[in-house]
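Comments concern the structure below.
Each chain gets a letter, A, B and so on, in the order the sequences are listed, and its residues count up from 1. All of these numbers come straight from a predicted model, not from anything done at the bench.
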Amino acid sequence: MSSVVTQASQARKRPLQQVMRARMSKRIESKVGKDLLARSAMTHTPRILCIDDDPEICRTLEMRLSAYRAEVQVAYFGTQGFWEAITDHPDLILMDVSMPSGDGRFVLESLRNNQATRRIPVIVLTGMRSPELRSEMMALGADCFLNKPVHFDVLLREMQAFVDLSKRDPTSH
Amino acid sequence: MVIAEQKTELSILLIEDDLVDGESITRSLHKAFPDCDVRRATCLGDALAVVNESKFDVVLADLSLPDSRGLDSVVSMVHACPRNPLIVLTGHADDELSITAIAEGAQDYLVKGRINPELLQRSIRYAIQRHTMSRNNEQLLQTLRERDLLLQTKNSKLEKACRTAQKFVDNVSHEFRTPLTVIMEYASLLEDGIAGPVSEEQAKLLGVIDDRASDLNNMVDDMLDVSKLESGLLGASRCQCTVAEIIEHVLPAIRRKAMVRDVRLELQIDDDLPDVFCDSAKVGRVIVNLAINAIKFTRSPGQVCISARRHGETDVSIAVTDNGVGIPADRQREIFHRFAQVKTEVRDSTKGFGLGLNIAQELVEINFGKMDVESTEGVGSTFSFTLPVNNPGEVTRRFVDRLAEVPDGPQSVSAIGVVLEEDASESAVLDVERFLVHILRQNDLIFPLPNRQWLLLVSVPTIALEEFLARLDTERQQINRNRPRGPLPDFRVEVHGTWDVAQRATEIVTMVNQQLVQEKCCVA
C-alpha cells in the first residue's frame with residue numbers, strides 16, 4: 001500500500017492541463033477507434049468494475065450485463081475497488097460515492113493519481129442530488145455523473161461511450 | 001434621567017487646595033444655586049474618599065493639587081467616580097489643556113479668575129445634563145452590544161440548526177434512493193425477462209412497480225426542493241444554456257412514464273431558438289414536474305406535447321399540453337399553492353403530495369421566468385413558462401425586478417469584480433468559476449466576462465458586504481486547504497459599488513451593460 005501512496009503523491013505534481021488533455025484524447029480515441037475495436041471485440045471482452053457498497057446494486061448490473069459481451073467485477077467498498085482497479089485494469093469503472101472505507105472522492109482521486117489507472121473511464125452513480133457534488137466529482141476526473149435510480153438504457157448509452165458493449169449471441173448464452 | 005434645570009438642591013464637591021479661591025468659588029456657587037450643599041476637599045486623596053461615601057451631583061476640581069497635578073487629576077477623578085460629572089478649574093487659560101481634559105472625560109473647563117455665578121450656573125447645568133446623556137448613551141450602546149451578541153449567537157445557532165436539518169433531509173433522501181434503485185432495477189430486470197420468461201400480464205404489472213417507484217423518487221426530489229426553497233439554501237447556477245439540450249436530458253424519464261401509461265408523447269422544438277440564461281438542472285425539474293402532471297391527468301387516449309418556441313424579443317417559452325380533464329377557471333390560480341390539488345375523480349390513486357406545481361413555479365421564478373396556465377374544462381390544459389434569452393442586460397433587469405418584488409428582500413445590490421491572475425490554466429479558471437458559483441445564493445448573479453474575469457451581483461445590504469467578502473475569503477482558504485490539486489489560483493476581488501434596488505434599478509442594468517462592453521473592447 002505504501003508504494004502506491006508514494007507514487008500517487010508524485011503523480012499529483014503533473015500539470016493538470018496535461019492530464020486533462022490526455023484524458024480528452026483518450027476519450028476521442030475510444031470513440032474514433034470503435035471500428036477498430038469492433039474487429040478485436042471477438043478477442044477482447046470489456047471488463048467493467050462496479051464499486052458499490054450495496055451488493056444488490058452490483059448484482060443488478062451483473063444480471064443486466066450478462067446479456068452482453070462483458071465481464072463484470074464487483075467491489076463493495078472504496079479501498080477494495082481501488083485495489084481491484086490497479087491489479088486488474090478494468091476498461092470501465094462504475095462507482096458509488098458514499099461508501100464505507102474509502103468514499104468515491106478518495107477512490108477517484110487515487111485512480112487519477114496512479115499511473116496505471118489514470119486513464120480508466122469512471123462513471124459516478126449516486127443517490128445524492130447535489131450539483132456541488134457533481135462538479136466536485138467531475139473536477140476530480142470523473143467522466144460521467146449519473147443520479148440513482150438510473151434506467152439501464154440510459155446507463156447503457158453512457159457506458160457505450162467508453163467501451164464496446166454488444167449483445168451476446170443468444171445461442172451461446 | 002435627572003434634568004438639571006428641575007433640580008436646585010444640588011450636592012456639589014469642590015476640590016481646591018487654595019483657601020481664598022475655595023471661598024470665592026463657594027460663594028459664587030451659593031449665589032448660583034441658593035439651596036445647594038457644597039462639600040470641600042483640599043487634595044485628591046480626600047476627594048476620592050468622600051466621593052465614594054456620598055452622592056454628588058457635580059464635582060469641581062482644581063488641576064493643581066498637592067497630591068496630583070494637571071491631567072493626572074482628571075484621569076484619577078473620572079476613573080474614581082464615573083457617575084459624577086466633572087468640571088475642571090484652573091488658574092490660567094490654556095486651550096490645549098482644556099481640550100485634553102474634556103477628551104479625558106471632564107465635562108467643562110473654567111478659568112478661576114473669570115468665574116461668576118451665571119457662568120457657574122450654566123456650566124454646572126450643562127455639565128450635569130451632558131453627563132447624564134452620555135451615560136445614557138453608554139448604557140444604550142452597552143445594551144445594543146449585548147443584543148447584537150445575543151442575536152449573533154442565536155443566528156449562528158439557527159444557521160447551524162438549519163444546515164443540520166438540511167443535511168438530514170439530504171441524507172434521508174439519499175437513504176430512500178438506495179432501496180428505490182434496487183426496487184426499480186429488479187422490476188425492470190424481471191420485466192425485460194432477464195431473470196427468466198414472464199407473461200405479458202406479469203410484465204405489465206412489473207412495469208407498474210417501476211413506474212410507481214419512479215413516482216416515489218420524484219416525490220423525494222420534490223421534498224428535497226421544498227426543504228431547500230424553505231431554508232433559502234437553494235443555490236442557483238444560472239448560465240448560458242440550450243433549450244433543446246435541457247429537454248433532451250430529461251426526456252428519457254418522461255418518455256418511459258408516457259409509455260407505461262399509454263400516453264402519446266409529442267415534441268415540438270422550434271429550430272433557431274436562441275440560447276437562454278438559466279439553471280439547467282432546475283429547469284429540467286420544472287419540465288419533469290409539468291410533464292408528469294400532464295401524463296397523470298390526460299384522458300385515454302392520452303396525448304401530451306412538450307413544445308418550445310420563441311416568446312417575444314426577450315424570452316423562450318416552454319409549454320406542456322395535455323388533453324386532460326382541464327381545470328375550472330376559478331381554480332387555476334389556486335393549483336400553484338403548496339399541497340393543492342384539484343378535486344378530480346380521475347385516477348385518484350395517482351395523486352402525489354401536490355407539491356409539483358408549486359415547486360415548478362418557484363423554480364421558474366428563480367430563473368427569472370413566468371409561469372402560466374391555460375385550461376378548458378373537458379378539453380385539456382397547457383402549462384407554460386418563459387425563460388430569458390441569454391442577454392446580460394435583460395437578465396440583470398429581471399434580477400433587480402425580482403429582488404424588488406421579494407417582501408423583506410434585499411434592499412441593495414453590490415457589484416463585485418473578480419479577476420484571475422494571468423497564468424491560470426483552463427481547468428483552474430473553471431474551478432474558480434465553480435467556487436464563485438458555490439459561494440453565491442439564489443439572490444445573487446454571476447456573469448463570466450472574457451479575460452478570466454467575472455462580474456458578481458451580490459444582494460447583501462451594505463452593512464453585510466464586509467461579512468460576504470470575509471465569507472468568500474474564509475471559504476477560499478478552506479477550499480485551498482482541502483483541494484487535492486493544491487490551492488486555487490489567486491484572484492483579485494474588487495467592489496465596484498453598491499446600488500439601491502428600489503431607487504437605482506436602471507443604473508445597475510446600465511452598469512452591467514457597461515462592464516460587458518468594456519470587457520469586449522478590451523478583448524478586441
- Do you know which of B/Leu224, B/Leu180, B/Asp170, B/Asp221 has the most heavy-atom pairs under 4.5 Å to chain A?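 When all of B/Leu224, B/Leu180, B/Asp170, B/Asp221 are compared, B/Asp221 has the most.
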- Task: Report the option among B/Val182, B/Ile194, B/Thr178, B/Leu189 that has the most heavy-atom pairs separated by less than 4.5 Å from atoms of chain A.
- Result: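 Looking at each of B/Val182, B/Ile194, B/Thr178, B/Leu189 in turn, B/Leu189 comes out on top.
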Minimum heavy-atom separation for [X] and [Y], please, with both atom names.
{"X": "A/Gly127", "Y": "B/Arg177", "answer": "O-NE, 2.9 Å"}
{"X": "A/Val154", "Y": "B/Pro252", "answer": "CG2-CB, 4.0 Å"}
{"X": "A/Ala139", "Y": "B/Asp431", "answer": "CB-OD1, 4.1 Å"}

Is it true that, when you exclude [X] itself, more than 12 heavy atoms of the residues, nucleotides or ligands shown sit nearer than 6.0 Å to its [atom1]?
{"X": "B/Arg471", "atom1": "CZ", "value": "yes"}
{"X": "A/Arg59", "atom1": "CZ", "value": "no"}
{"X": "B/Glu248", "atom1": "CD", "value": "no"}
{"X": "B/His249", "atom1": "NE2", "value": "no"}

- Task: Check whether A/Asp153 gets within reach of chain B through its side chain, its backbone, both or neither, counting any heavy atom under 4.5 Å.
- Result: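 Interface part for A/Asp153: side chain.
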Side-chain heavy-atom pair [X], [Y] within 4.5 angstrom cut-off:
{"X": "B/Glu185", "Y": "A/His151", "result": "no"}
{"X": "A/Ser98", "Y": "B/Glu175", "result": "no"}
{"X": "A/Phe152", "Y": "B/Met184", "result": "no"}

- Item | B/Arg434/A/Glu136 ion pair, N-O < 4.0 Å |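 So B/Arg434 does not pair with A/Glu136 through a salt bridge.
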- Message: Looking only at heavy atoms and a cut-off of under 4.5 Å, which of A/Glu56, A/Arg64, A/Met128 has the most pairs with chain B?
- Response: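 Maximum pair count with chain B is reached by A/Arg64.
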- Message: As an exercise: rank A/Arg129, A/Lys148, A/Met63 by heavy-atom pairs under 4.5 Å with chain B and give me the winner.
- Response: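 Looking at each option in turn, the highest pair count goes to A/Arg129.
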- Against chain A, label B/Asp210 side chain, backbone, both or neither, depending on which of its atoms sit under 4.5 Å from a heavy atom there.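 Only the side chain of B/Asp210 comes within 4.5 Å of chain A.
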